[in-house]
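To start, the structure under review is shown below, and the notes come after it.
In what follows, chains are A, B, ... by sequence order, proteins preceding strands, each numbered from 1.
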Amino acid sequence: MTLYVLLEGLIAFLLVAGGAFAFIGSLGMAHLQDFYMRLHGPTKATTLGIGCMLAASMLYFWVIDGQPHVQEMLITLFLFITAPVSAHLLAKTGLHLRLRRADRTRGDPPELRDEEVGEKPVPHPDLGHG
Amino acid sequence: MLDFALWTSMALVVAALLLNVYRLAVGPDMPDRLLALDTMYVNSIALIVLMGLWLNTKTYFESALLIAMLGFISTVAVCKYLLRGDIIE
């Protein structure tokens, strides 16, 4: 009997932690200053939150039915694989569109540098042409 | 205890969805709105999982899986459109 109390406490903790992580991720997305900061919240916190919730659901149905189910595992695996890929594509899109950024955002990616082509003449490397 | 945890989690996920709607409406650029839509997909999957726990049924997990796949594919499609001006080259 005490095992079931422990399992219920674990499931309740996982549920509350998942909801809190999902909320913190969305709060970061709504509150932070520029796009490159906003990308952090949903990518990491929301993914961890939904992972916690799916683990709680898997544990609950395992306790109820006596056997684990595959669907929650599939959803967790799929979300954990696809979240970094979509975040990478979103970051590439933001760099491609040259979104404005706050001063606190560090880093100097080559996509955001000015083009150097054609600004000053390059001498021909062969001597005698100069 | 499980009831309380379930309702707390549902309230937090619904508040997260409201914040996503705010960013979707306000977001100054296109990638912001796209990020908000992607997060809304994930949060709706969380809400479906919580509904399955509340109703004590396993019927809705297939729909959650379907939403996960379609959300990823639509995000990638719109990203490709914004990056290249075309989806399938």
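- The side-chain heavy atoms of A/F21 and B/L12, taken from C-beta on, include no pair separated by under 4.5 Å.
- Looking at every heavy atom in both residues, B/V49 comes nearest to A/S57 through CG1-CB, 3.7 Å.
- Follow the hydrophobic side-chain contacts under 4.5 Å out from B/L19 and you never reach B/V26; the two are in separate clusters.
- In this structure, B/F72 CZ and A/L89 CG are separated by 7.5 Å, a value rounded to the nearest 0.5 Å.
- Rounding to the nearest 0.5 angstrom, the gap separating the CG atom in B/L82 from the NE2 atom in A/H96 is 8.5 Å.
- At a 4.5 Å heavy-atom cutoff, the contact between B/N56 and chain A is made by backbone and side-chain atoms alike.
- With a 4.5 angstrom heavy-atom cutoff, B/F61 touches chain A via backbone and side-chain atoms both.
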For B/I45 and A/I75, run side-chain contact (heavy atoms from CB on, under 4.5 Å): C-alpha distance rounded to whole Å, both residues' side-chain angles, the deciding distance at 0.1 Å, then the answer. CA-CA 9 Å; B/I45 292 167; A/I75 300 173; 4.3 Å; yes
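- For the options B/V42, B/T75, B/V13, heavy-atom pairs under 4.5 Å to chain A are most numerous at B/V42.
- Residue A/I81 is not grouped with residue B/I73 when hydrophobic side chains (ILVMFWY) are merged at heavy-atom distances under 4.5 angstrom, including chains of intermediate members.
- Residues A/T82 and B/V76 are not in side-chain contact: their nearest non-hydrogen atoms beyond the backbone lie 4.5 Å or more apart.
- Highest contact tally toward chain A, considering only B/A16, B/G52, B/A36, is held by B/A16 [criterion: heavy-atom pairs under 4.5 Å].
- Counting heavy-atom neighbours within 6.0 Å of A/H88 NE2, excluding the residue itself, gives a total of 12 or less.
- Heavy atoms of B/M40 lying under 4.5 Å from chain A are absent altogether.
- Scanning all heavy atoms of the two residues, the minimum distance from B/P31 to A/L90 falls at O-CD2, 4.1 Å.
- Counting heavy atoms from C-beta outward, B/V78 and A/T93 have side chains that stay 4.5 Å or more apart.
- Environment of CZ in A/F80: crowded, with over 12 heavy atoms of neighbouring residues, nucleotides or ligands closer than 6.0 Å.
- Counting heavy-atom pairs under 4.5 Å between each of A/L97, A/I50, A/V16, A/L79 and chain B puts A/I50 at the top.
- For chain A, the nearby part of B/T57 is the backbone; its heavy atoms alone come within less than 4.5 Å.
- Proximity to chain A (any heavy atom under 4.5 Å) is shown, for B/L6, by both the backbone and the side chain.
- The distance from atom CG of B/L34 to atom CZ of A/F35, rounded to the nearest 0.5 Å, is 7.5 Å.
- When heavy atoms are compared at a cutoff of 4.5 Å, B/N20 approaches chain A by way of both its backbone and its side chain.
- With respect to B/K58 and A/D65, a salt bridge is recorded, a charged nitrogen being found less than 4.0 Å from a carboxylate O.
- If you measure heavy-atom distances from B/N43 to chain A, the contacts under 4.5 Å come from the side chain alone.
- Side-chain contact between A/M29 and B/L35 is present, with at least one heavy-atom pair separated by less than 4.5 Å.
- Residues A/F61 and B/L65 fall within the same hydrophobic cluster, defined by Ile, Leu, Val, Met, Phe, Trp and Tyr side chains chained together at heavy-atom separations under 4.5 Å.
- Note that the CD1 atom of B/I48 and the CE atom of A/M53 stand 12.5 Å from one another [nearest 0.5 Å].
- No part of A/I24 comes within reach of chain B, as not one of its non-hydrogen atoms sits under 4.5 angstrom from that chain.
- Atoms CE and CD, from B/M1 and A/E8 in turn, are 4.0 Å apart once rounded to the nearest 0.5 Å.
- Contact tally against chain A (heavy-atom pairs below 4.5 Å) for B/L17, B/D3, B/D38, B/L53: the top residue is B/L53.
- In this structure, the side chains of B/R23 and A/S26 stay at 4.5 Å or more apart for every pair of heavy atoms.
- Distance check, rounded to the nearest 0.5 Å: CE of B/M30 to CG of A/L99 gives 12.0 Å.
- Residues A/F78 and B/Y41 do not share a hydrophobic cluster, defined by chaining ILVMFWY side chains whose heavy atoms lie under 4.5 Å apart.
- Linking ILVMFWY residues whenever their side-chain heavy atoms come closer than 4.5 Å, directly or via other members, leaves B/L66 and B/M51 in distinct clusters.
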